[in-house]
Amino acid sequence: QFGKITQVAHYVPEKIVTNDDLSTMLETSDEWISTRTGIRRRHIAVNENTSDLCIEVAKKLLEKAEIDPSELDFVLVATMTPDFATPSTASLVQGAIGATRALAFDISAACSGFVYALTVAEKFILSGSKKGIVIGGECLSKIVDWQDRTTAVLFGDGAGGVLLEANDTQHILAENLRSDGVRGRSLTAMCIKPQLEFSSGFQNEPYLKMDGRDIFDFAVRDVPQNILETLERAKLSVEEIDTFLLHQANMRIIDKMARKVKAERSKFPTNMDKYGNTSAASIPILLSEEVEKGRVILGSNQKLVLTGFGGGLTWGTLVVTV
Ligand SMILES: O=C(O)C1CCN(c2ccc(-c3cc(CO)ccc3Cl)cn2)CC1
């Protein structure tokens with residue numbers, strides 16, 4: 001059997017930080033941030049960690065699907081900001097919701113994490129599992145250097161996820177996941193280096209660091225081609241896709257990608273204005289909002305493209321019918 005998305009949910013922390021709020025603590029402005037990125041505000045966790053955001057999503061999925069947690073075979077969390085290296089954030093979610101039968105582990109693929117995790121999740125269904133949850137969740141605010149205006153203005157916290165269930169019909173029509181570790185150091189976070197000879201000297205670099213130019217150019221150059229290749233694998237034309245759900249990193253990148261794949265711009269919903277870049281959470285939050293707005297209808301057989309791109313470097317596209 002194949003994996004089918006049967007429920008969606010998202011959760012963002014309550015506190016909203018606007019561009020104007022940031023301009024009181026950084027040499028930046030609402031004008032610069034909104035024109036260069038499309039971001040106007042972001043949600044920032046206060047006394048909540050990544051597992052807390054993911055637990056809220058998991059609870060919403062169980063509630064909306066009216067299923068008991070013991071029915072779940074797996075809990076996967078895509079995150080680059082786990083609460084701990086161990087226990088995994090997925091394991092914390094599994095314990096908190098009482099999914100006593102579920103295996104649980106995190107997937108580290110930065111902003112491609114959700115499409116990577118969805119693909120991995122389906123492997124469990126293809127080999128006999130029946131039901132599980134796949135969540136993208138981040139508290140990027142805990143690793144952002146709030147003195148660095150080139151990155152501090154870009155990121156936000158949040159989580160989104162789906163319930164994936166076994167179905168006799170194929171719903172993930174094509175996958176195309178890529179990685180290029182040669183360029184990996186263009187976006188780094190939570191660097192833990194070996195201690196020098198038994199010194200307690202702090203070798204670690206917790207902050208997210210990014211070569212914005214490198215990543216921007218990578219996104220515009222490599223991702224459109226990945227989308228077109230995946231559509232070929234699915235034997236679908238661009239026109240047959242109802243909605244393109246791309247990682248919400250930057251408005252200008254979305255504009256460029258729509259032009260490069262020659263698809264109508266109106267098929268590329270965006271919400272980075274409200275949430276900033278939430279890395280692995282951005283695609284599931286966007287999907288959940290599109291369902292909430294009735295623009296994506298579960299069970300309608302609509303064709304979606306889900307595309308992530310970012311740290312690793314990683315990038316990847318799934319063509320999915322819902
Ligand atoms: O000067 C300008 O206009 C700047 C130029 C640099 N910008 C960038 C650069 C890279 C990203 C980015 C980040 C990730 C990490 O999740 C993934 C994917 C992308 Cl494309 C976002 N913004 C902001 C505006």
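Start at 1 and go down the list; that is how both ligands and their atoms are numbered. Computed from a prediction, not measured in an experiment: that's the story for all the values here.
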### Task
Return a yes/no value for W32: is any of its N or O atoms, backbone included, closer than 3.5 angstrom to an N or O of ligand 1?
no
### Task
Heavy-atom contacts with R252 under 4.0 Å: which atoms of ligand 1 show up? List them by number with element.
2 (C), 3 (O)
### Summary
One finds that the ligand 1 atoms under 4.0 Å from a non-hydrogen atom of H247 are 16 (O), 17 (C)
### Query
Do any nitrogen or oxygen atoms of N277 lie less than 3.5 angstrom from nitrogen or oxygen atoms of ligand 1?
yes
### Atom indices of ligand 1 within 4.0 angstrom of C111 heavy atoms, with elements
15 (C), 16 (O), 17 (C)
#### Entry: Donor-acceptor contact present, side-chain W146 to main-chain L22, <3.5 Å
no
### Message
Please tell me whether T321 and H171 have a donor and an acceptor in their side chains that are separated by less than 3.5 angstrom.
### Response
no
### Message
Using only atom types and a distance under 3.5 Å, with no angle test, would you say the side chain of N49 pairs donor to acceptor with the backbone of D52?
### Response
no
### Closest approach of any protein heavy atom to atom 21 (C) of ligand 1, naming residue and atom
A249 O, 4.0 Å
### Task
Would you please say whether a donor-acceptor pair under 3.5 Å links the side chains of T317 and T307?
yes
#### Entry: Sub-3.5 Å N/O-N/O distance, R36 and ligand 1
yes
### T230 side chain to N226 backbone, donor-acceptor under 3.5 Å
yes
## Note on the structure
Cluster membership besides I285, Ile/Leu/Val/Met/Phe/Trp/Tyr side chains within less than 4.5 angstrom, sorted by chain and number, is V12, Y275
### Summary
Of all protein heavy atoms, the one nearest atom 5 (C) of ligand 1 is F216 CD1, 4.3 Å
### Query
Does Q248 use its side chain to pair, donor to acceptor, with the backbone of L246 at less than 3.5 Å?
yes
### Task
Answer yes when R295 and E290 have at least one side-chain N-carboxylate O distance shorter than 4.0 Å, and no when they do not.
yes
### Side chain to side chain, I135 and V162, heavy atoms closer than 4.5 Å
no
### Task
Note the single closest protein heavy atom to atom 9 (C) of ligand 1, along with its residue, its atom name and the distance in Å.
G212 O, 3.4 Å
### Distance filter under 4.0 Å to M210 heavy atoms, resulting ligand 1 atoms
9 (C), 10 (C), 13 (C)
### Task
Give the contacting part of R213 toward ligand 1: side chain, backbone, both or neither, where contact means a heavy-atom distance below 4.0 Å.
neither
### Query
Which ligand 1 atoms does F309 reach within 4.0 Å, using its non-hydrogen atoms?
17 (C), 18 (C), 20 (Cl)
### Message
Heavy-atom distances under 4.0 Å decide this one: backbone, side chain, both or neither, for I253 against ligand 1?
### Response
side chain
#### Entry: Mode of F155 contact toward ligand 1 - side chain, backbone, both, neither (heavy atoms, under 4.0 Å)
side chain
### Task
Give the numbers and elements of all ligand 1 atoms closer than 4.0 Å to a heavy atom of N250.
22 (N), 23 (C), 24 (C)
### Query
Does the T278 side chain pair with the main chain of S282, one donor and one acceptor, at a distance under 3.5 Å?
yes
### Those atoms of ligand 1 less than 4.0 Å from some heavy atom in I215
10 (C), 12 (C), 18 (C), 19 (C), 20 (Cl)
